[in-house]
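Any value given below was found using the heavy atoms of this structure, including those in side chains, with hydrogens, waters and symmetry copies removed. Computed from a prediction, not measured in an experiment: that's the story for all the values here.
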Amino acid sequence: VVQLVESGGGSVQAGGSLRLSCAASGNTFSNVYMGWFRQTPGKEREGVAVIEADGSTRYAGSVEGRFTISQDSAKNTLYLQMNSLKPEDTAMYYCAAQYGRTSWWSWQLPNKYKYWGQGTQVTVSS
């Protein structure tokens, strides 16, 4: 069982940066892939980035080059560094995890993740 708690959200102006954290308990990062998703009211949850247990990463096209996903195994913490933020990045951000490996076609599907955090709000003003 993996328990996830996000932090680091807040309000920032366009062009600014935020770093989200996701503290994981109950499991190490071995054999687990972890992702960041975001959701706005009335829209489906969108995959933002994923990191495999071996450290390989994938990003949504809308954030590639601006966001960086990373993990600190010693601290059991997942991060999402968000730079050059845009108003369209405004959303509730969730971290998620699942045992095994994901793939290029499935990593953005919410139903491929069993464990979820409660979310942290990010608001970007223009």
*Rounded to the nearest 0.5 Å, what separation is found between the CZ atom of F67 and the CH2 atom of W36?*
11.0 Å

*Indicate the atoms forming the closest heavy-atom contact of Y113 with V50, along with that distance.*
OH-CG2, 3.4 Å

*Have S17 and N83 got a donor and an acceptor in their side chains that come within less than 3.5 Å?*
yes

*Please report the shortest heavy-atom distance between V122 and G9, naming the atom on each side.*
CG2-CA, 4.2 Å

_With rounding to the nearest 0.5 angstrom, report the OG to CG distance, S21 to L4._
12.5 Å

*Q108 side chain to G47 main-chain N or O, any donor-acceptor pair under 3.5 Å?*
yes

*With distance as the sole test, does R38 use its side chain to make a donor-acceptor pair with the main-chain N or O of M92 at under 3.5 Å?*
no

_Taking CD in E44 as the centre, count heavy atoms belonging to other residues, nucleotides or ligands within less than 6.0 Å. Is the count above 12?_
no

*Taking Y79 for its side chain and D72 for its backbone only, find out whether a donor-acceptor pair lies under 3.5 Å.*
no

*Decide yes or no for R66 and D89: does some side-chain heavy atom of the first lie under 4.5 Å from some side-chain heavy atom of the second?*
yes

*Given the rule in the side-chain contact (heavy atoms from CB on, under 4.5 Å) test, do L18 and L85 qualify, once you have shown the distances and angles that lead to the verdict?*
CA-CA 8 Å; L18 282 174; L85 282 161; 4.2 Å; yes

*Indicate yes or no for a side-chain donor-acceptor contact from Y93 to the backbone of S7 under 3.5 Å, with no hydrogens or angles considered.*
no

*State the CG-OG1 distance between L20 and T120, to the nearest 0.5 angstrom.*
6.0 Å

*Exercise: identify the closest heavy-atom pair between P87 and A14*: CD-CB, 4.1 Å

*asked:* Less than 6.0 angstrom from the centroid, inside 45 degrees of the normal: does R45 satisfy that with respect to the ring of Y94?
replied: yes

*Are the side chain of Q71 and the backbone of I51 linked by a donor-acceptor contact shorter than 3.5 Å?*
no

_For the CE atom of M34 and the CG atom of L80, what is their distance to the nearest 0.5 Å?_
11.5 Å

*Go through F37 and V48 one step at a time and tell me if the side-chain contact (heavy atoms from CB on, under 4.5 Å) criterion holds.*
CA-CA 5 Å; F37 285 74; V48 174; 5.6 Å; no

*asked:* Check whether S62 reaches the backbone of A60 with its side chain - one donor and one acceptor, N or O, closer than 3.5 Å.
replied: no

*Quick one: pull up OG in S103 and CZ in R58 and give me the separation to the nearest 0.5 Å.*
6.5 Å

_Any donor-acceptor pair under 3.5 Å from E52 side chain to T102 backbone_ = yes

*Tell me, please, whether Y33 has R101 positioned over its six-membered ring: NZ or CZ under 6.0 Å from the ring centre and within 45 degrees of its axis?*
no

*In terms of hydrophobic clustering (I, L, V, M, F, W, Y; side-chain heavy atoms under 4.5 Å; direct or indirect links), are W104 and Y59 co-clustered?*
no

*asked:* Once rounded to the nearest 0.5 Å, what's the spacing between atom CH2 of W116 and atom CD of E6?
replied: 9.5 Å

